[in-house]
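Report on the following structure.
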Amino acid sequence: MTTSSKSIEQWVRPNIRRLQPYSSARNEFSGEASVWLDANESPFNTPYNRYPDPLQWAVKQRLARQRGVTPQQIFLGVGSDEAIDLLYRIFCTPGRHNALSIAPTYGMYRVCADINDVAYREVPLNADFSLPVEALLAAADADSRLLFVCSPNNPTGNAFPEEEIERLLTGFEGIVVVDEAYIDFSSRPSWLGRLAEFPNLVVLQTLSKAWGSAGVRLGMAFAAPAIIDYFNRVKYPYNISAPVQRYALDMLDRADEVSRWVADTLAVRDRFVGRLAELPLVQRVYPSDANFVLVRVDEATAVYRWLLDEGIVVRNRSSVRLCDDCLRITIGTADEMNLLFQALSRYPKRMSL
Ligand code: PMP
């Protein structure tokens with residue numbers, strides 16, 4: 001049985017269900033005109049003088065064609081981080097409702113829970129980083145509203161099997177958020193293809209990773225129109241600036257180039273992973289479906305500091321649950337990975353901390 005759209009309404013915070021959203025000048029009139037005197041804008045400094053389209057229809061139409069969804073199934077945010085925060089604000093009453101996630105995973109799910117005063121329940125991954133499906137379902141109660149599954153997961157790098165995520169979608173009485181920030185690097189299919197089947201599914205994607213545009217800040221949430229409607233009511237009226245909307249339209253036309261970047265990154269990753277086995281300090285390289293690898297080494301913090309001295313920054317994840325002595329290494333260019341490899345090869349056998 002899948003969740004009905006009626007129960008989606010029931011999970012929305014009562015104040016948000018009742019919300020009379022702000023109606024901007026550009027909401028009320030969005031057609032073509034020759035004289036614009038409705039938004040107290042300056043007539044000077046074209047085109048930056050005008051407010052952008054609050055619902056970014058041109059970008060959504062382009063994106064919808066590319067991803068095989070409808071524009072009404074898309075929310076655009078200032079990074080996918082904005083979508084994460086809005087999910088709490090739409091579905092969780094502070095001090096009452098709770099959210100579930102796996103651990104370790106992306107840190108913003110917890111930070112946004114804390115900001116919104118929402119209890120956050122972490123369920124550890126199994127020791128092989130597989131999904132603890134039944135433990136996640138068992139951790140839910142009548143006040144659970146959100147369940148975050150990052151796939152491929154950050155920082156472990158693995159993607160989870162479709163059947164397991166499906167079990168969460170059908171078994172969890174709330175919103176299941178599948179964060180696909182790294183999906184372009186994965187051999188597993190995106191959940192976008194099955195969006196229409198699950199009224200409680202929200203898929204997050206971003207231009208920050210494979211699309212090479214982290215500096216631009218554009219993230220996406222895909223969901224049933226009933227959920228996207230709430231995103232649109234709660235977001236800031238003009239959250240995506242006009243230059244970013246123009247940039248996104250250009251970038252979405254460069255899908256072939258992006259595919260080549262992804263293929264390059266995966267080839268560099270696989271070569272780098274192959275060479276890591278030569279290094280005595282490397283204990284284990286975890287399989288990756290992403291543009292990073294999690295590597296267990298002898299004395300991760302010492303190795304991390306050694307690399308910093310060499311001018312190379314990786315992410316020290318050794319204080320994270322299940323990740324002791326692990327470094328998370330982003331895949332850069334072949335030259336950058338060579339520099340890293342050479343620095344690791346020079347790492348002294350024993351270094352005092
Ligand atoms: N989800 C995951 C799993 C991430 O790793 C990140 C960024 N590191 C984000 C979301 C946030 O991405 P954005 O730049 O779109 O806010």
Side-chain angles (χ1 to χ4, degrees), residues 56 59-60 63 67 74-89 99-115 120 122 125 129 131 146-160 165 168 175-186 188 190-192 201-223 231 235-236 239-241 244-245 247-248 251-252 258 261-262 265 269 286 288-294 313-317 320-323 326-332:
Q56 311 102 15
V59 181
K60 285 179 181 174
L63 192 59
R67 309 283 158 115
I74 305 175
F75 161 77
L76 298 180
V78 181
S80 32
D81 286 344
E82 182 183 357
I84 295 167
D85 183 51
L86 288 182
L87 282 162
Y88 283 102
R89 292 164 64 193
L100 305 176
S101 85
I102 53 176
T105 194
Y106 180 48
M108 279 301 280
Y109 313 142
R110 173 187 280 288
V111 173
C112 289
D114 289 347
I115 290 169
Y120 185 75
E122 283 183 344
L125 290 176
F129 294 157
L131 202 59
L146 301 174
L147 193 168
F148 288 93
V149 183
C150 184
S151 181
N153 188 34
N154 175 4
T156 55
N158 56 319
F160 301 112
I165 294 180
L168 295 176
I175 305 293
V176 177
V177 185
V178 181
D179 187 341
E180 295 189 339
Y182 300 98
I183 193 67
D184 302 280
F185 302 104
S186 175
R188 290 194 187 274
S190 163
W191 277 87
L192 285 188
L201 170 62
V202 175
V203 176
L204 302 181
Q205 294 188 0
T206 177
L207 289 198
S208 296
K209 309 295 174 183
W211 289 77
S213 304
V216 168
R217 310 306 301 132
L218 193 73
M220 310 144 224
F222 300 88
F231 274 101
K235 77 181 186 71
Y236 289 163
N239 60 331
I240 307 297
S241 72
V244 168
Q245 293 190 40
Y247 173 88
M251 197 63 223
L252 291 171
V258 172
W261 293 342
V262 169
T265 301
R269 180 193 71 189
Y286 290 93
S288 170
D289 283 298
N291 66 334
F292 58 86
V293 279
L294 191 71
V313 196
V314 297
R315 196 97 199 262
N316 185 1
R317 298 282 74 189
V320 169
R321 194 197 285 237
L322 299 179
C323 294
C326 284
L327 301 175
R328 193 195 67 191
I329 300 174
T330 304
I331 305 303

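Since we're looking at a predicted model, the values are computed, not measured. Only this structure's heavy atoms are used, side chains among them; waters, hydrogens and symmetry mates stay out. Read the numbers this way: they start at 1 and go in the same order the structure lists the ligands and their atoms.
Using a 30° and 60° split on the angle between ring planes, F129 and Y286 fall in the tilted class, from 30° to 60°.
Listed by chain and number, the residues in a ring pair (Phe, Tyr, Trp, His ring centres under 6.0 Å) with F185 amount to none (sequence neighbours excluded). In this structure N291 satisfies the side chain to side chain donor-acceptor pair (under 3.5 Å) test with no other residue, sequence neighbours excluded.
In terms of protein heavy atoms, atom 3 (C) of ligand 1 is closest to C150 SG, 3.3 Å. In this structure, the protein non-hydrogen atom closest to atom 1 (N) of ligand 1 is D179 OD2, 2.6 Å. Regarding atom 7 (C) of ligand 1, its nearest protein heavy-atom neighbour is K209 NZ, 3.2 Å.
The backbone and the side chain of D81 each have at least one atom closer than 4.0 Å to an atom of ligand 1 (non-hydrogen atoms only). Residue contacts with ligand 1, taken as heavy atom pairs separated by less than 4.0 Å, do not involve M108 at all. Looking at R217 against ligand 1, only its side chain comes within 4.0 Å, counting heavy atoms.
Proximity of D179 to N154: side-chain heavy atoms (C-beta onward) are nowhere separated by under 4.5 Å.
Looking at N239 and Q56, their side chains do bring a donor and an acceptor atom within 3.5 Å of each other.
Against a heavy-atom cut-off of under 4.0 Å, G79 is close to the following atoms of ligand 1: 13 (P), 15 (O), 16 (O). Set against the non-hydrogen atoms of S208, the atoms of ligand 1 under 4.0 Å away are 13 (P), 14 (O), 15 (O). Near A181, meaning under 4.0 Å from any of its heavy atoms, are these atoms of ligand 1: 1 (N), 2 (C), 3 (C).
The closest approach between any non-hydrogen atom of E82 and ligand 1 is not below 4.0 Å.
The residue from Y88, Y106, Y120 that alone fulfils the ring pair (Phe, Tyr, Trp, His ring centres under 6.0 Å) condition with F148 is Y88.
A salt bridge is defined here as a Lys NZ or Arg NE, NH1 or NH2 lying under 4.0 Å from an Asp or Glu carboxylate O, and R110 with E122 meets this definition.
Here atom 12 (O) of ligand 1 lies nearest to S80 when heavy atoms of S80, G219, G215 are compared. With distances taken over non-hydrogen atoms, the option nearest atom 4 (C) of ligand 1 out of F292, Y109, Y106 is Y106.
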message: Using the rule given for side-chain contact (heavy atoms from CB on, under 4.5 Å), can you reason through V149 versus L131, listing the C-alpha separation, both sets of side-chain angles and the distance that settles it, and then say yes or no?
response: CA-CA 9 Å; V149 183; L131 202 59; 4.2 Å; yes
